[in-house]
2 protein chains.
Amino acid sequence: MAALADVSISTASKALNGSGRMSEETRERVKKVALEVGFRPNALARGLITKRSFTIGLLTNDTYGRFTLPVMAGISEELVGHGVSVFLCAIEDDPERARVHVDAMLDKSVDGIIASGKRLDRQLPVDLSGLPVPVVYAFTKGAADGVTLRSDDEQGARLAARCLIDAGCQRIVHVTGPKTFQSVRERADAYRTAIDGPPEVLHGIWAEAWGHEAVAQLWDRGGEKPDGIFCGNDQIARGVVDGLRERGVRVPEDVAVVGFDNWEIVAAQTRPPLTTVDMNLRTLGREAGRLILAMSEGREVQSGIRKLPCSLVVRQSCRGAEAPA
Amino acid sequence: MAALADVSISTASKALNGSGRMSEETRERVKKVALEVGFRPNALARGLITKRSFTIGLLTNDTYGRFTLPVMAGISEELVGHGVSVFLCAIEDDPERARVHVDAMLDKSVDGIIASGKRLDRQLPVDLSGLPVPVVYAFTKGAADGVTLRSDDEQGARLAARCLIDAGCQRIVHVTGPKTFQSVRERADAYRTAIDGPPEVLHGIWAEAWGHEAVAQLWDRGGEKPDGIFCGNDQIARGVVDGLRERGVRVPEDVAVVGFDNWEIVAAQTRPPLTTVDMNLRTLGREAGRLILAMSEGREVQSGIRKLPCSLVVRQSCRGAEAPA
DNA sequence: TGTCGATGAGAAAACCTTTTCTCTTAGACC
DNA sequence: GGTCTAAGAGAAAAGGTTTTCTCATCGACA
């Protein structure tokens, strides 16, 4: 203990924590010695008495990490500066496993839990209400009286529609995922009210193959072809773009395409690279970190659902106002 | 404390931990009460005295999570049953951040650290030797005298080559990433010795575009065309398959293609879906968890590099012996 | 000179376990 | 009947901090 070099153990503690009363000279001396010997207080002992472990848990059922990873990065980014570490617990929709992880976290006295997932309209397979620690739901359905953070899918869809409209599209179709997803319905609704012409929504699965299929449906039938396609996610968009290219339809000259998710690996590798809506999950993660920190420090945080804005990442599949009509 | 219901605090502890001497009847009674009241020992207090926190740290510079996520899943899977939780620390090749995270972990008395990354021939930007806790390197370059786990890329490449040969390919080309990657060189070497005909290795970048480009190079020049292509990763393979399809070359009938990584999102969405080499990173993660657990319990673990075998995931781009020559 | 207040610093309790040591009791053996 | 041993269970220390309380000293004021 650094106290050996100077003073009593209690004075040392107070000096380092900026509490207690002592001469400025003593305080500085202790700090200096502590720095020299590289003294680092034991977090376990500290946590035992202060009831704060500087540790939070992140629970997620998004095994693939597509959504959780950016959220995680944001949380960690926000919290590492405060000395808070993050337990990552991947549960695969397995209530048993979820329970084990939650218990393990509680045993370790986490200061809070962030629940995250891959769908905004599904709860994790474990009840997190009534826990002795604060909980923040980030990109997953939360308890009614909980603190929930989610993307503003309607605003995101408006962004996409606006981009297509600005690019001069007259006839915009929406090719998206299963109607059972709430976010699909929200985006579709926003799309319907945002465009001028008659809306057309095609529901399918979240896969490239569905993008192809949708293009086939649209082009093989008679009548007017769309000149703008808003896709429910980047995988579908990629399928659509590939399908169009294979038919000799130019993107974005003949048909402009906008995706959703900004999943780099898909969006950036598509030919041409996709213009797409980014849900800013990293920012959402930061916000979740900020909130859980506040709550763990006892500050009041208003419960309810907070929608965080999406932004548009313009690549080449739709260039907005740049591209002449 | 559960002792209230029965006996002294020390007897209770001994009863629950299976230590000490007492009548079987007492032991059972304590256990029963503990279960009833849902008693869970405080991990902080326990860690303070036993010097084991049942916590390990996972350090990675693979922000995108392509490699780390499966490794992480494996580690977690292996350890959760032992009550061990995992701190995930994402550092982006930032030595400063790495240092902060390592310090935070040490403060929290982690029982061990697993270092992971995205390249087998690069160290993390922080020196983990001489730490007061055991370290296991998983899918990243480790210290010379450390315990390192990696995939057996040569064996994986042999698997790929064997699949193409079995499919009847006579002229197999290897389209891969930059020569600066050690794994690229290892795979290329294994490819060279595995095939019968004269080898041809094309180096480029890790992108779909390079796959296209390579096909263009191969097909636009005169002379004999390959009938089998072994790609350095799935992205390149996807580019190759797309390039071939656009030229009217059938996969796998005219040219069989094998990828590397088994990155579901790419491999399964390719048309046709890719046959590819899986590095079994989840298994590697499990093994890392097993080792760090052993080491943290004081068991001796032999240092050195352990290569874990890859396996072949057969989809449709190369059907091995099934496809007639 | 005596009392009061402020200031600086240490003693000790508390946090919640585990673990070692000690004590009591009962049974066995001579 | 006395001594020894083993069994069963509790007392207490230890682990490394934080925090409250107490104590000593000194200057000021009456």
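Throughout, a chain's letter reflects where its sequence line sits, starting with A, and its residues are numbered from 1.
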NZ/NE/NH1/NH2 to OD/OE distance under 4.0 Å, B/E287 and B/R290: yes
query: So, are A/D62 and A/R66 salt-bridged, with charged N and O less than 4.0 Å apart?
result: no
task: On DNA chain D, check which nucleotide each of B/L44 and B/E24 is closest to and give me the residue with the more 5' one.
output: B/E24
query: Between the side chains of A/T60 and A/S116, is a donor N or O closer than 3.5 angstrom to an acceptor N or O?
result: no
message: Regarding B/R46 and B/N17, do their side chains bring together a donor and an acceptor under 3.5 Å, going by distance alone?
response: yes
field: Degree of bending, the helix from C/dT1-D/dA30 to C/dC30-D/dG1 (end axes from five pairs; round to 10°)
entry: 70°
Salt bridge (Lys or Arg N to Asp or Glu O under 4.0 Å) partners of B/R119, counting only residues at least two apart: B/D121
statement: Heavy-atom contacts, protein to nucleotides 9-16 of chain C, under 4.0 Å, summarised as B (base), S (sugar-phosphate only) or - (none) per nt, yield BBBB-BBB
query: Rounded to the nearest Å, what distance is computed from the CZ atom of residue A/R52 to the P atom of nucleotide D/dT17?
result: 18 Å
- request: Indicate yes or no: at least one non-hydrogen side-chain atom of A/L291 is less than 4.5 angstrom from one of A/R306.
  value: yes
field: Stretch residues 99-112 of chain B: residues that reach within less than 4.0 Å of DNA chain C through a heavy atom
entry: none
query: Considering residues at least two apart in sequence or located in another chain, which fulfil the salt bridge (Lys or Arg N to Asp or Glu O under 4.0 Å) criterion with A/E25?
result: A/R29
query: Would you say the side chain of A/L48 lies within less than 4.5 Å of the side chain of B/L48, judging by non-hydrogen atoms?
result: yes
- line: With sequence neighbours left out, the residues meeting ring pair (Phe, Tyr, Trp, His ring centres under 6.0 Å) with A/F139 are A/F67
